[in-house]
2 protein chains.
Amino acid sequence: MTIHLTAFHQQADRMAPAPLAFFAPGEEIYAQGERCGSLYRVEFGAVRVYRLLADGRRQISAFYLAGETFGFEADDTHHFFAEAINATGIQVLRKAHGANLASELLPLALQVLVRAQEHMLVLGRQNAVERIAVFLTEMSERQGGLRLIELPMSRTDIGDYLGLTIETVSRAFTKLKQSGVIKLQGLRNVEIVKWQVLSDMAS
Amino acid sequence: MTIHLTAFHQQADRMAPAPLAFFAPGEEIYAQGERCGSLYRVEFGAVRVYRLLADGRRQISAFYLAGETFGFEADDTHHFFAEAINATGIQVLRKAHGANLASELLPLALQVLVRAQEHMLVLGRQNAVERIAVFLTEMSERQGGLRLIELPMSRTDIGDYLGLTIETVSRAFTKLKQSGVIKLQGLRNVEIVKWQVLSDMAS
DNA sequence: GCCGAAATTCGGTTTTATCCTAAGGGATAT
DNA sequence: ATATCCCTTAGGATAAAACCGAATTTCGGC
């Protein structure tokens, strides 16, 4: 199968074209220790990239939504696991060795880098409610700044992203709900009622 | 002052050469919000890159030692602060727009990225002693895997890097000392006595 | 070698999030 | 429609780190 890429999402369009790959909920995209030679662009669905400690503690380093690219590594080995959160379509971009390839990859990598560095402040220095506030703000911005946001991931995933337990995540949601900052319509749909308050909480 | 770059540290040697800049202890290299157009390579000394919350809470995203390059940003604005920890010499690499420039920068940026992502696991999921163990292991590896390592930064800096208070850092050091895993010769010199134990603690 | 300021360590208390258990809701399959 | 399972919420006890105050050590300057 050959797909002709024409400034698709204006991202990484010089990479070797590849078929769209489908992943079921929870399905592994790659594992830590595997050799890597590709990047991955989410077409639809959502992905979690994470690392594990020997005893099972998990830290999700990032979620990736439609249009976003992941899979950057410093050497030829994956240092993380990647899984589809729900039914997900992914464009696999095999690495070629073109001259100006890096110049297209660098901006994408730098965006991931800055986001990672900013997330360190959250993990290292913010309390539970602040972390949830940051998370909801982030998700909203990445979904176009809407007041109504959809969370593709479970509370456990959110906890493992924010360095919290599921109970603490749940309690923080409850607090935000009770103070009228957000409303929940089902578990996965959040309405941000008081944007400014939420934004201030995130500092 | 002109310095001729000849594959110096085999890093970023195609960038526009620039004079070596000296910074006093605590001196600011750049600030959040400033425009950026350069990268920085540490020649000697050490640098902390950090972010602040409104109330002063600080998270150091990384330390940079001799030979390492920092200052990567996703756009034309600095999102972090950078300061010299002690007397530091820095090569300022003005950004040029050469064709194969990005291909030399990308590996450096990716190394910073992977390190940042790995640090998230520490901040999100590891306890105080584990964090110190990780930190000492890291510092040792970055100084060539020696048993005797030098810490250029204060306990406060270490705390702000590991998401701990200075008291907790101090107590963790005390525990490692009492269990015979490390020895301290002064505040800034650590001897790793039981490498394997320390390494296991870091998980 | 001594002195003084600053940094670090120490002790005790408080706070916060975790841990553990159990009850409640939602989605899916029957 | 209903039963079942899994995820989520809730409640209370526990533990870990933060907070506060004070003693001690370290290190640069004299």
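Bear in mind the structure is a predicted one, so any value in this text is a computation, not a measurement. Just so it is clear: chains get the letters A, B, ... in the order the sequence lines come, proteins before strands, and each one is counted from 1. The analysis underlying the following values was restricted to heavy atoms, covering all of them including side chains, and did not include hydrogens, waters or symmetry mates.
- Backbone-only contact: A:Gly163 has heavy atoms under 4.0 Å from sugar-phosphate atoms and none from a base.
- Put simply, the side chain of A:Ser140 never gets that close to the backbone of A:Leu136: no donor and acceptor are under 3.5 Å apart.
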Report all interatomic pairs (protein N or O, nucleotide N or O of nucleotides 7-9 of chain C) with separations under 3.5 Å.
residue : atom : partner  : partner atom : Å
C:dT8   : OP1  : B:Arg155 : N            : 3.1
C:dT9   : OP1  : B:Arg155 : NH2          : 3.4
C:dT9   : OP2  : B:Arg155 : NE           : 3.2
C:dT9   : OP2  : B:Ser170 : OG           : 3.0
C:dT9   : O5'  : B:Ser170 : OG           : 2.9

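- Counting only distance, with no hydrogens or angles, the side chain of A:Thr174 and the backbone of A:Ser170 share a donor-acceptor pair below 3.5 Å.
- Applying the side-chain hydrogen bond (donor to acceptor under 3.5 Å, both in side chains) definition to pairs two or more places apart or across chains, those involving residues 27-38 of chain B are B:Arg35-B:Asp76.
- As judged by a 4.0 angstrom heavy-atom cut-off over every strand, A:Thr165 is placed among residues touching the sugar-phosphate backbone only.
- Scanning DNA chain D 5' to 3' for nucleotides with an atom closer than 4.0 angstrom to a non-hydrogen atom of chain B gives a first and last hit of D:dA17 to D:dC27.
- Shortest non-hydrogen contact noted between A:His78 and A:Ala31 is CB-O, 3.4 Å.
- A distance-only check finds a donor-acceptor pair linking the side chain of A:Arg131 to the backbone of A:Leu123 [under 3.5 Å].
- Residue pairs meeting the side-chain hydrogen bond (donor to acceptor under 3.5 Å, both in side chains) criterion with at least one member in residues 183-192 of chain B, sequence neighbours excluded: B:Gln185-B:Glu191.
- Listed by residue number, the members of residues 118-137 of chain A with any heavy atom below 4.0 angstrom from DNA chain C are A:Asn127, A:Ala128.
- When each of B:Tyr64, B:Phe70, B:Phe72, B:Phe23 is tested with B:Tyr40 by the rule ring-ring contact (aromatic ring centres under 6.0 Å, His included), just one qualifies, namely B:Phe70.
- With values rounded to the nearest 0.5 angstrom, B:Ile182 atom CD1 is found 4.5 Å from B:Leu176 atom CG.
- B:Leu187 has its side chain within reach of B:Arg155: a pair of non-hydrogen atoms, C-beta onward, lies under 4.5 Å apart.
- Residues satisfying the side chain to side chain donor-acceptor pair (under 3.5 Å) criterion with A:His79, sequence neighbours excluded, are A:Asp75, B:Glu118.
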